[in-house]
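In what follows, a structure is listed as structure tokens, so that the remarks can point back to it.
Here the structure is a predicted model, which means the values were calculated and not measured.
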Amino acid sequence: MKGDRVEIVVDAGDTTRTYEVVASRAGRRVETAVRRGVVEVSEVTRSGSVVRTARFMATRVLALVEQPVPREDASEATARPSGQTLSPPKS
């Protein structure tokens, strides 16, 4: 979803560096994978095509923070139409 983002904090020797991968358009999402000692963070379209990828050595990654966009709960969405509020029953 647009707005999904992942922050990666990497050890750069004497300091740390922070990188950010953000889903820049509607319908895109950010996926994270760890394979063979490499952390891979990718922005992916709805169809599954990779738009861009950031790769880091797993031994150098200090923190990986996933920050998804708050999504509306599906059960609340079907319970009432949007724009309507619940009010107490009239006596």
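- Linking Ile, Leu, Val, Met, Phe, Trp and Tyr residues whenever their side-chain heavy atoms come within less than 4.5 Å places Val41 and Tyr19 in a single cluster.
- In this structure, the side chain of Gln67 does not engage the main chain of Glu7 through any donor-acceptor pair within 3.5 Å.
- Between Ala23 and Arg28, the shortest heavy-atom contact is CB-O, 3.5 Å.
- Rounding to the nearest 0.5 Å gives a distance of 9.5 Å between CZ of Arg29 and CG of Asp4.
- Contact check for Leu64 versus Thr32: side-chain heavy atoms found under the 4.5 Å cut-off.
- Residues Val50 and Val30 are members of separate hydrophobic clusters, defined by side-chain heavy-atom contacts under 4.5 angstrom among Ile, Leu, Val, Met, Phe, Trp and Tyr.
- At least one side-chain heavy atom of Phe56 sits under 4.5 Å from a side-chain heavy atom of Ile8.
- In this structure, the side chains of Glu43 and Ser24 come closer than 4.5 Å at one or more pairs of heavy atoms.
- One hydrophobic cluster holds both Val34 and Val21 under the rule that ILVMFWY side chains link at heavy-atom gaps under 4.5 Å.
- Contact record, Val22 with Arg52: O-NH2, 3.1 Å, taken as the closest heavy-atom pair.
- Between Val10 and Leu62 there is no side-chain heavy-atom pair separated by less than 4.5 Å.
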